[in-house]
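For reference, the structure discussed in these notes is given below.
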Amino acid sequence: MAYDEPQYDRRERPPRRFEDRYARFRDIAATLIAFCGGLVVMFLFFAAIGAVNLGDAIGFTVGAIVLTAVWLLGAWQRARSGASFVTRPDRERRGF
């Protein structure tokens, strides 16, 4: 930072823009929804190979059902809002 730039106290700065907070919230929500989906897939994998008995592990089974509901709700919200593309459109412009 140059010496001629004004020094701002953190409390004197303008508040964060709503768009920035909304974008950060969407990123966090997408991460949590993906994490829920990953845990469900991992639970189903262990159930498929027989490492988890669904009747004996009723708590984990209920937890997996709840995580599945969260994941499906997130997928439904994503489809309803029209956010079907995961990659950003500027990736094509940069040649990746």
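As the structure is a prediction and not an experimental result, all values here were calculated from the model. Note that the numbering runs from 1 along the sequence shown for the chain.
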Out of curiosity, [X] [atom1] to [Y] [atom2], how far, rounded to the nearest 0.5 Å?
| X | Y | atom1 | atom2 | answer |
| --- | --- | --- | --- | --- |
| Gln77 | Leu72 | CD | CG | 13.5 Å |
| Arg26 | Arg21 | CZ | CZ | 16.0 Å |
| Asp27 | Leu32 | CG | CG | 11.0 Å |
| Leu44 | Thr68 | CG | OG1 | 6.5 Å |
| Leu54 | Phe43 | CG | CZ | 5.0 Å |

Open item on the list: Tell me whether Arg78 forms a cation-pi arrangement with Trp76, defined as NZ or CZ under 6.0 Å from the six-membered ring centre and within 45 degrees of its axis.
Closed with: no
If you group Ile, Leu, Val, Met, Phe, Trp and Tyr by side-chain heavy-atom gaps below 4.5 Å, do [X] and [Y] land in one group?
| X | Y | value |
| --- | --- | --- |
| Leu39 | Phe45 | yes |
| Phe25 | Phe35 | no |
| Ile49 | Phe60 | yes |

Task: Side-chain heavy-atom pair Phe46, Val41 within 4.5 angstrom cut-off - done: no
Task: Minimal non-hydrogen separation, Val52 against Ala57, with atom names - done: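 Taking Val52 first and Ala57 second, the nearest heavy atoms are CG1-CB, 4.2 Å.
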TODO: Identify the heavy atoms of Leu67 and Cys36 that sit nearest to each other, and give their distance.
DONE: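 So the minimum-distance heavy-atom pair works out to CD2-SG, 3.5 Å.
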